[in-house]
Amino acid sequence: MSSTSKVVFATSIAVSATIIGYVHYKQEYDRNKMREGVLRDVEQQQMRKRQNIYILEQQKYLTSKYKEQDN
């Protein structure tokens, strides 16, 4: 093999390895971002649930106060 073909071959191997490494890195990065999104959504749902329970308790309290005043 000539030296030019060796350089081209080595360069193509290096470029291929770099592309493969980047693709694996990008897949892992995207997978982690999606997982974080799911966790954030679950946290938001739990927060909304706590807020709804708090509002419901306030409404129950106000209803009982209203009924006491009405009597």
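In this text, all values refer to a predicted model and were calculated from it rather than measured experimentally. In what follows, residues are counted from 1 in the order of the sequence shown.
Side-chain contact check for Gln44 versus Met47: every heavy-atom pair is 4.5 Å or farther apart. Residues Tyr22 and Lys26 form a side-chain contact, since some pair of their non-hydrogen atoms from C-beta on lies under 4.5 Å apart. For the pair Met34 and Val38, the minimum side-chain heavy-atom distance is 4.5 Å or more. At least one side-chain heavy atom of Ile19 sits under 4.5 Å from a side-chain heavy atom of Val15.
Classified by interplanar angle (parallel below 30°, tilted 30° to 60°, perpendicular above 60°), the ring pair Tyr29/Tyr25 is parallel.
Of the inter-residue distances, the one linking Leu56 atom CG with Thr63 atom OG1 reads 9.0 Å to the nearest 0.5 angstrom. With rounding to the nearest 0.5 angstrom, the CD atom of Gln59 is 11.0 Å from the CD atom of Glu57. A distance of 6.5 Å separates CD of Gln27 from NE2 of His24, quoted to the nearest 0.5 Å. Distance check: Glu43 CD to Glu36 CD gives 10.5 Å after rounding to the nearest 0.5 Å.
Looking at Glu28 and Arg31, a side-chain N of the basic residue comes within less than 4.0 Å of a carboxylate O on the acidic one, giving a salt bridge.
Atom CE of Met1 has more than 12 heavy atoms from other residues, nucleotides or ligands within 6.0 Å.
There is a side-chain donor-acceptor pair under 3.5 Å between Gln58 and Tyr54.
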